[in-house]
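Step one of this worksheet: look at the structure below.
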Amino acid sequence: MIERLVVFGATGDLNARYLLPGLAALRAAGHLVDGFQLVCADRKEWDDEGFRGWAAEQLDRHAGSSPAGARSWVVRATRFRRADATDPADLASLIAGDRPVALYFALPPAVFPGAVTALRGAGLPAGSRIVLEKPFGENLADAQELNRLLAEVVPEQAVFRVDHFLAMTTVQNLLGSRLANRVLEPLWNSAHIAEIEIVWDESLALEGRAGYYDGVGALKDMVQNHLLQVLCLVAMEPPLSLSERDLRDRKIDVLRSVRPLTDEDVLRRTRRARYLAGRIGDRRVPAYIDEDGVDPRGHTETFAEVELRLESWRWSGTTFRLRTGKALKTDRKEVAVRFRPVPHLPFGHSGEAAPNVLRFGLDPESVALALTGIGPGPQTLTPLTMTAQMEPADLPAYGRLLLDVLRGDAAMSIRGDEAEEAWRVLAPVMSAWSNDLVPLEEYPAGSCGPAPRDQ
């Protein structure tokens, strides 16, 4: 297990909200030894004392559930260094020594190529690992070039293209529920399932993230970045094992089976929109174009919906709908599996037999199955819902992610060819949207999103 971690972009939101709290959770669970070293690097002119004070504040704010002793241990284990991730000399000084190191680039994707190029001459110790946050580049060409650069520095097994969605127990439960229950797997195909929705709707608006979000938008930020990964777990064939190769081979099979979208498909099966001014609860939310840091001349979407079809024996005829939006009325973060209706109801029953729906709540975690039964009146159909209580996760998503990196378990990271294939799936959508072939709709903040299309 690696006992040296270097985080670039250490004064950013990712380190404050997720990495530092993840490390505190690992320490509290006994996964980090006393000799563990954390080096936080950034271009800011800070020293150890100044950074440790800032880190302590962030841990108090974002890791309050971790024991105070674990939080103070992370602060004491931290050293700060002013460094430029694209400077070979700075990199060499940070990774000097014979012990392997995990390099975590908590940086904008545009910086990745320069940072990886700088590593070629920095003398990376044997057994070291490189961690890159998604999105992996800005498009297919970027992903291909970045893969080429990485291959010149370390073997593929040492590259962790991480997505914290895959470290969420709620997402991993999709696989567990499918593969550990005989009652589900025989029904897990297009003969029984009409549609699967993968939804991440948020009541949160921009929340000060214009510097990142306005250059990315909902399609890249959520659909390409996260929801395609959930699609892979939902639609994949049962792997021989959950090992690195078997699991990732089956995931890429799913991406390769996605039917390529034509311009007509993009027009009919995708939507994009952005929010106007409105109210969410007791909050007044300005229009997206009036948010601080947003370029009002841009066409960044805050709502994206894409329908995909898979050309495979299992899924031909099933619709997969991936949807995400900001500043909506309520949070809805789930995978909804909608089964086909029964072919016949006995004569004489009143009421409607709605199709069964199996819902996997992603945040918060839940499982619910909507059925139809007989109500209090004779021969009257009524909805029934079965729910399950879930145990809380023993580690937060970023705690699990960091533990996988330090242990060298890459099963839940993104392989290079998979990263490229994910961009290829959405390339037609990105092209059509950039050419305004799909109108940019609008919806009031606090609403359910853009109005339904006319049928």
Side-chain angles (χ1 to χ4, degrees), residues 13-14 16-18 61-62 135 164-165 170 195 197-228 230 266-307 321-336 338 357 359 361-366 368 426 429-430 432-455:
D13 192 62
L14 177 62
R17 289 178 176 270
Y18 302 113
R61 182 179 306 167
H62 302 297
H164 74 278
F165 265 52
T170 49
E195 177 184 281
E197 276 191 299
I198 302 172
V199 180
W200 192 270
D201 284 352
E202 298 179 288
S203 57
L204 290 176
L206 195 56
E207 311 302 323
R209 295 180 67 219
Y212 165 76
Y213 194 89
D214 198 42
V216 178
L219 184 70
K220 291 183 181 180
D221 182 51
M222 285 299 307
V223 179
Q224 198 281 338
N225 205 14
H226 301 303
L227 301 190
L228 280 181
V230 180
V266 175
L267 184 60
R268 290 188 297 111
R269 296 179 182 167
T270 74
R271 300 185 75 181
R272 60 178 183 145
R274 67 182 175 193
Y275 62 82
L276 300 170
R279 297 193 71 87
I280 304 175
D282 58 358
R283 293 185 294 132
R284 181 70 182 171
V285 178
Y288 177 78
I289 61 172
D290 295 326
E291 295 269 21
D292 290 341
V294 169
D295 181 357
R297 299 166 298 177
H299 293 82
T300 301
E301 77 284 349
T302 60
F303 175 97
E305 184 176 277
V306 179
E307 287 185 10
R321 179 174 292 107
L322 282 58
R323 164 187 160 133
T324 186
K326 282 189 171 297
L328 297 173
K329 182 178 181 180
T330 57
D331 291 331
R332 180 188 169 207
K333 302 170 182 179
E334 67 173 7
V335 175
R338 303 183 184 280
V357 182
R359 299 182 184 276
L362 302 180
D363 185 17
E365 183 172 12
S366 64
L426 291 182
V429 182
M430 294 164 54
W433 286 13
S434 66
N435 291 318
D436 291 327
L437 297 184
V438 175
L440 180 63
E441 303 175 59
E442 295 178 325
Y443 61 96
S447 70
C448 295
R453 283 177 170 170
D454 294 332
Q455 300 297 320

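What you are looking at is a predicted structure, and each value in this text was computed from that prediction instead of being measured.
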Just to verify, what does R17 make a salt bridge (charged side-chain N to carboxylate O under 4.0 Å, His left out) with, not counting sequence neighbours?
D13
Please identify each residue that fulfils salt bridge (charged side-chain N to carboxylate O under 4.0 Å, His left out) with R271, with sequence neighbours left out.
E441
Sequence neighbours left out, what passes side chain to side chain donor-acceptor pair (under 3.5 Å) with R269? Give chain and number order.
none
May I have all residue pairs that pass salt bridge (charged side-chain N to carboxylate O under 4.0 Å, His left out) and include part of residues 278-294, sequence neighbours excluded?
E207-R283
With L219 via side chain to side chain contact (heavy atoms under 4.5 Å, CB included) - residues at least two apart
V223, E301, A304, V306, L426, V429, M430, W433
I'd like to know if the side chain of T324 and the backbone of W200 have a donor-acceptor N/O pair within less than 3.5 Å.
yes
Mind checking what makes salt bridge (charged side-chain N to carboxylate O under 4.0 Å, His left out) contact with D331, not counting sequence neighbours?
none
Can you name the residues that form a side chain to side chain donor-acceptor pair (under 3.5 Å) with N435, not counting sequence neighbours?
none
A432: partners by side chain to side chain contact (heavy atoms under 4.5 Å, CB included), with sequence neighbours left out
D263, V266, L437
With sequence neighbours left out, the residues meeting side chain to side chain donor-acceptor pair (under 3.5 Å) with D295 are R297
Listed partners of A451 passing side chain to side chain contact (heavy atoms under 4.5 Å, CB included), at least two apart
none
Partner set under side chain to side chain contact (heavy atoms under 4.5 Å, CB included) for R61, not counting sequence neighbours:
Q58
Does K220 have any salt bridge (charged side-chain N to carboxylate O under 4.0 Å, His left out) partners at least two apart in sequence or in another chain, and if so, which?
E138
Taking the six-membered ring of Y213 as reference, does the cationic atom of K326 (NZ for Lys, CZ for Arg) lie under 6.0 Å from its centre and within 45° of its axis?
yes
